[in-house]
Structures are given as structure tokens and as C-alpha cells.
J.: 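Have a look at this one before I ask anything.
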Amino acid sequence: MNMTHYMSLLTDNQPWNLILFMAIPVIFAETITVTEFIILFTKNLKGPLRAFNRVCSILAGLYFTGVFLYLLFTAFIPITANGEWHTWVDVLAVSSYLSGVIFLLPLALLDLGLIARKHSDEKKLKLHFILISGFLVVAHIAMIFGMVNPEIMGSMGSMNH
């Protein structure tokens with residue numbers, strides 16, 4: 001079976017790639033989400049759970065930015081330059097995964113106090129929730145399309161040089 005580059009990345013170098021590229025970012029995102037729900041329901045915007053949530057958000061954002069930069073230069077650009085994409089589902093899976101940086105980096109910047117400084121705590125929490133939700137959406141799109149066998153989707157013809 002032919003695999004997307006996303007799935008190939010996760011299955012290579014077992015179990016390390018799976019841990020580094022899937023488990024760590026997803027565990028961070030799920031932890032942030034669960035603590036976010038508790039914070040929203042209890043309306044406790046200053047307690048230790050919020051501090052834990054903030055630390056997880058900063059670490060997740062910085063970690064995933066490193067992952068993004070690493071994969072951009074070692075995978076995405078070379079695969080594109082060499083015309084090695086395995087149909088549009090491959091492009092969608094990898095692009096969706098990498099687009100997670102659009103959500104996790106601002107999450108870290110928000111909790112570092114580098115953006116939205118003048119917003120109220122409630123507005124910051126709303127932005128925080130939107131950002132973590134956005135990451136979960138693109139991560140799930142990457143996972144779903146990453147598991148598709150690209151051979152069933154036909155060839156991309158024009159993308160192979």
C-alpha cells in the first residue's frame with residue numbers, strides 16, 4: 001500500500017516519530033482543551049489550573065514551532081521541489097498538519113503576554129479557546145487524510161515534474 005508522507009513520517013523510526021510528531025503535540029492539545037473546559041465552567045481564571053494550562057500552551061506552541069520549522073525544511077520543501085507528492089490527499093494531510101503552527105504559536109505568544117495584552121481575561125480566554133480548537137481541527141484533518149491510501153485517489157499528474 002502506498003502511504004501519504006504524513007503516515008510515512010509517523011511509521012518511520014518507530015516509536016520515536018510517532019511520539020515526537022503526533023503524541024506530544026496531541027497530548028498537549030488535549031490537556032489544554034480539557035483544562036480550558038474546566039476553567040470555562042468554573043470561571044476560575046487565576047488558579048493553579050490556569051497556570052498549568054498556560055505552561056502547557058507555551059510549551060506546545062514553542063515545541064510545535066520547532067516541529068514546523070524542522071519538517072518545512074526537511075520534508076515539505078524537498079517533497080515539493082522534487083514533485084514527490086502522492087496525490088492531493090498527501091498535500092492536504094501534510095499541509096493541514098503543518099498549519100497547526102498558525103494556531104499553536106499564537107497560543108504561546110498569548111500566554112507569554114506578547115499579543116492581546118490589552119484584552120480582558122475573558123477575551124484572552126475566548127481567543128485561547130478558538131486557537132486550541134483550530135489546532136484540533138487541522139490536526140484531525142491531517143490524521144484523517146493522512147490515513148487514506150493515496151493510490152485510490154488517482155494521480156496528480158501535473159504535480160509530478
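Numbering of residues begins at 1 and proceeds along the displayed sequence.
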J.: How far apart are the closest heavy atoms of Ala142 and Ala93, and which atoms are they?
T.: CB-O, 3.3 Å

J.: Decide yes or no on side-chain contact (heavy atoms from CB on, under 4.5 Å) for Leu104 and Leu131, but give the supporting numbers first.
T.: CA-CA 7 Å; Leu104 288 185; Leu131 290 169; over 6 Å; no

J.: To the nearest 0.5 angstrom, please state how far the NZ atom of Lys43 sits from the CD1 atom of Ile38.
T.: 14.5 Å

J.: List the atom of Leu98, the atom of Phe68, and the distance in Å for their closest heavy-atom pair.
T.: O-CD1, 3.4 Å

J.: Do Phe52 and Leu62 share a hydrophobic cluster (ILVMFWY, side-chain heavy atoms under 4.5 Å, transitive)?
T.: no

J.: Which pair of non-hydrogen atoms, one from Lys124 and one from Ala116, has the smallest distance, and what is that distance?
T.: CE-O, 3.0 Å

J.: Given Ile58 and Tyr63, is the side-chain contact (heavy atoms from CB on, under 4.5 Å) satisfied, shown in steps?
T.: CA-CA 8 Å; Ile58 292 167; Tyr63 178 82; over 6 Å; no

J.: With a 4.5 Å heavy-atom cut-off, do Gln14 and Thr11 have their side chains touching?
T.: yes

J.: Quick one: are Leu107 and Ile132 in side-chain contact, heavy atoms under 4.5 Å?
T.: yes

J.: Counting C-beta onward and ignoring hydrogens, is there a side-chain heavy-atom pair between Ser99 and Ile102 closer than 4.5 Å?
T.: yes

J.: Quick one: are the ring centres of Trp16 and Phe21 less than 6.0 Å apart?
T.: no

J.: Does anything in residues 44-53 form a salt bridge (charged side-chain N to carboxylate O under 4.0 Å, His left out)? List the pairs, not counting sequence neighbours.
T.: Lys46-Asp121, Arg50-Asp111

J.: Assigning hydrophobic clusters by single linkage (Ile, Leu, Val, Met, Phe, Trp, Tyr; side-chain heavy-atom cutoff under 4.5 Å), is Ile77 placed with Leu69?
T.: yes

J.: If Ile, Leu, Val, Met, Phe, Trp and Tyr residues are connected whenever their side-chain heavy atoms lie under 4.5 Å apart, and connections chain through other members, are Val55 and Leu109 in the same group?
T.: yes

J.: Drop me the distance from Ser57's OG to Leu112's CG, to the nearest 0.5 angstrom.
T.: 10.0 Å

J.: Taking the side chain as every heavy atom from C-beta outward, state whether Ser8 and Asp12 have any pair of such atoms under 4.5 Å apart.
T.: yes

J.: Determine, step by step, whether Met3 and Asn149 satisfy the side-chain contact (heavy atoms from CB on, under 4.5 Å) criterion, reporting the C-alpha distance in whole Å, the side-chain angles of both residues, the deciding distance to 0.1 Å, and the verdict.
T.: CA-CA 6 Å; Met3 287 190 275; Asn149 176 352; over 6 Å; no

J.: Report all side-chain donor-acceptor pairs from residues 25-33 shorter than 3.5 Å, counting only partners two or more places apart or in another chain.
T.:
residue, atom, partner, partner atom, Å
Thr31, OG1, Ile27, O, 2.7
Thr33, OG1, Ala29, O, 2.7

J.: Would you say the side-chain atoms of Asn17 pair up with the backbone N or O of Leu9, donor to acceptor, closer than 3.5 Å?
T.: yes

J.: Measure across Glu36 and Leu125 and return the closest heavy-atom pair with its distance rounded to 0.1 Å.
T.: OE2-O, 3.6 Å

J.: Flag yes if Val137 and Val89 sit in one hydrophobic cluster, no otherwise; membership is Ile, Leu, Val, Met, Phe, Trp, Tyr, and two members link when side-chain heavy atoms are under 4.5 Å apart.
T.: yes

J.: Rounded to the nearest 0.5 Å, how far apart are OG1 of Thr87 and CD1 of Ile152?
T.: 9.0 Å

J.: Quick one: which residue pairs count as a ring-ring contact (aromatic ring centres under 6.0 Å, His included) with a foot in residues 93-131, not counting sequence neighbours?
T.: Tyr6-Tyr97, Phe37-Phe129, Phe64-Tyr97

J.: Starting at CG of Leu110, measure out to CD1 of Ile115 and round the result to the nearest 0.5 Å.
T.: 5.0 Å

J.: Using 0.5 Å steps for rounding, measure from the OG1 atom of Thr4 to the CH2 atom of Trp88.
T.: 12.0 Å

J.: May I ask you to test the Leu49-Asn44 pair for a side-chain heavy-atom distance under 4.5 Å?
T.: no

J.: Hydrophobic clusters here meaning ILVMFWY residues chained together by side-chain heavy-atom distances under 4.5 Å, can you tell me if Ile79 and Tyr70 are in one?
T.: yes

J.: Could you give the distance from OG1 (Thr65) to CG (Leu72), rounded to the nearest 0.5 Å?
T.: 12.0 Å

J.: Are His5 and His86 close enough that some pair of their side-chain heavy atoms sits under 4.5 Å apart?
T.: yes

